[in-house]
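No experiment lies behind these values; they were computed from the predicted model shown. Sequence lines set the chain letters: A, B, ... in the order given, protein chains first and strands last, and positions in each chain run from 1.
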Protein chains: 2
Amino acid sequence: MTELNWPPGTRPQRPAKVPLSRPEIVRTALTIVRAEGIDAVSMRRVAAEFDTGPSSLYAHVRNKDELLALMFDEVCGEVEVPELDASRWKEQVKDLARAGHAAMLRYNDLARAALATIPTGPNALRISNAMFGMMLAGGIPPRISAWAMDRIFLYLTADAYEYSIWGPNSRPQSIEALGANVLAYFKQLPADVYPHVVKHADALVGGSNDERFNLGLELLVDGLDKYATPPP
Amino acid sequence: MTELNWPPGTRPQRPAKVPLSRPEIVRTALTIVRAEGIDAVSMRRVAAEFDTGPSSLYAHVRNKDELLALMFDEVCGEVEVPELDASRWKEQVKDLARAGHAAMLRYNDLARAALATIPTGPNALRISNAMFGMMLAGGIPPRISAWAMDRIFLYLTADAYEYSIWGPNSRPQSIEALGANVLAYFKQLPADVYPHVVKHADALVGGSNDERFNLGLELLVDGLDKYATPPP
DNA sequence: GGCGAATGACGAACACTGTTCGCTGAACGA
DNA sequence: TCGTTCAGCGAACAGTGTTCGTCATTCGCC
């Protein structure tokens with residue numbers, strides 16, 4: 001069904017459209033990354049969602065890097081920050097890290113973009129500030145707290161990225177198939193060259209992503225105890 | 001000075017060249033990544049180093065991903081693996097991780113490619129097998145050893161990648177300038193919203209990459225103690 | 001020794017990418 | 001009412017990974 005162009009001569013050269021705006025662009029890009037992954041987020045693809053060309057976006061967004069940074073901070077906004085309970089500070093740090101991890105995973109492989117960004121957006125800062133406060137409340141010196149936080153976020157992002165590669169994008173069965181392939185590959189290796197890899201091949205490929213993530217998180221957080229100064 | 005084309009009629013249609021080979025291609029790609037970074041490693045760029053077009057490479061390398069994987073494993077070959085000394089297993093694990101970290105950093109931002117790869121090459125396996133052995137010698141159960149190793153390599157690669165972004169590619173002064181910018185940005189934030197970030201801004205941006213890397217590494221490795229079974 | 005098959009090299013092309021340059025048309029202030 | 005400003009946008013540029021078809025060379029075999 002084509003439009004009538006009536007009355008004659010009044011057809012606007014440009015049909016009326018929802019005007020572009022930064023939040024709309026970010027929102028749209030997030031739906032794309034959720035459905036098709038970060039590689040599908042191109043300026044053309046986002047613009048096409050508004051029935052226009054890529055150059056139209058540059059009035060609202062400096063470049064693609066800025067768009068990715070905006071997307072990342074938007075997702076950070078979905079992470080809920082609890083009220084501080086100093087007696088449970090380690091649990092709170094872990095929970096906050098898990099919440100951030102989950103938020104990343106919710107948006108496919110967006111974590112890849114986060115790895116390249118230094119998180120200075122308002123929502124990211126809100127999370128940082130909260131975790132910082134938890135560690136300080138636990139008696140960890142500021143310097144160690146700052147670095148440990150940095151390490152935890154690096155670990156969190158890297159894990160989310162790695163997971164997204166073998167994650168739910170490929171069909172679940174294909175993950176298992178891939179795992180089975182790697183397992184078979186490990187078992188077939190020369191046992192005299194790689195004895196431990198061959199012997200414990202199943203331990204190497206076994207375990208869910210959550211189990212692995214939690215092990216690293218636990219090591220990173222629990223190890224902070226030794227830096228804690230006696231509570232005042 | 002142009003060639004003479006003598007005797008007449010014998011000019012070959014294609015001038016004699018060094019024939020391409022997989023190792024040569026990988027070596028060349030590594031010199032490029034070292035000098036210009038991973039983004040400069042395109043099939044065209046590598047091929048140009050051999051005075052040919054990109055399609056010539058596909059006889060030796062399945063695709064770019066395979067090339068990147070080959071490059072990564074080649075770099076893993078530069079890491080020296082020590083003889084096992086069970087009494088120093090934790091130190092050995094840390095030293096091996098530091099050696100891998102250093103090897104990554106030597107090749108600019110190659111770590112980015114490593115993040116996307118599951119390390120199954122011979123040289124990577126050599127390192128994995130060695131670290132596995134160290135942990136087992138320390139009395140860590142196979143399952144925990146395998147996961148911890150995975151976590152350490154993930155951490156190592158992610159840190160090398162992050163460092164390469166702000167690293168020696170940009171001029172050293174510009175790193176400091178960037179740090180100073182971030183510091184100024186943090187200090188100017190509203191102190192009622194982000195109190196800890198503002199108060200300890202210098203702790204957040206302070207510290208060398210090595211100090212930060214070592215803190216994370218120490219937490220990950222030392223925390224394994226609690227899983228150690230009493231030595232036989 | 002000579003011939004057919006296999007293989008490496010490679011130019012051209014395809015479908016993409018991020019970004020820039022001007023042009024158009026509408027809205028707003030003087 | 002006129003100018004100015006600016007978002008929207010088509011076209012183009014210089015890249016990207018990869019594929020196809022063709023060419024020349026070389027190797028194995030009779």
Minimum-distance nucleotide (side-chain atoms of B:Ser56 versus D:dA7, C:dA9, C:dG11): C:dA9
Side-chain contact check for B:Leu20: nearest option of C:dA9, D:dG8, D:dT18 is C:dA9
From CD1 of A:Ile38 over to C1' of C:dT17, roughly how many Å is that when rounded to an integer? 14 Å
Provide, to the nearest angstrom, the distance between the CG atom belonging to A:Leu67 and the P atom belonging to C:dG18. 10 Å
Rounded to the nearest Å, what distance is computed from the CD atom of residue B:Glu36 to the P atom of nucleotide D:dG15? 13 Å
Check every strand shown and say whether A:Val61 touches a base, only sugar-phosphate, or nothing at a heavy-atom separation below 4.0 Å. nothing
Nearest-angstrom distance from the residue atom CG of B:Asp39 to C1' of D:dT16: 11 Å
Please report, rounded to the nearest Å, how far the P atom of D:dG17 is from the CG atom of B:Asn63. 11 Å
Gap between atoms CZ and P, on A:Phe50 and D:dG10 respectively (whole Å): 15 Å
What's the closest nucleotide to the side chain of A:Met43 if the choices are D:dA7, C:dT19, C:dG8? C:dT19
When only distance counts, do a donor and an acceptor, one from the side chain of B:Arg44 and one from the base of D:dG15, lie under 3.5 Å apart? no
Given 3.5 Å as the limit, does a donor-acceptor pair link the side chain of B:Tyr194 with the main chain of A:Pro122, or not? yes
Would you say B:Thr52 reaches C:dA9's phosphate, i.e. side-chain N/O to OP1/OP2 under 4.0 Å? no
To the nearest angstrom, how far is B:Asp65 atom CG from D:dG17 atom P? 10 Å
When you get a sec, tell me which of D:dG17, C:dT17, C:dA12 is the closest nucleotide to the side chain of B:Ser55? C:dA12
Quick test of your reading of the model: are B:Arg143 and A:Glu211 salt-bridged, counting only N-O distances below 4.0 Å? yes
What is the separation between atom CG on A:Leu68 and atom C1' on C:dT17, rounded to the nearest whole Å? 13 Å
Say whether, by atom type as modelled, one donor and one acceptor occur between the side chain of B:Tyr185 and the main chain of A:Thr120 under 3.5 angstrom. yes
Under 4.0 Å between a Lys/Arg side-chain N and an Asp/Glu carboxylate O for A:Glu49 and A:Arg27? no
Would A:Glu74 and A:Tyr107 count as having a side-chain donor-acceptor pair, cut-off 3.5 Å? no
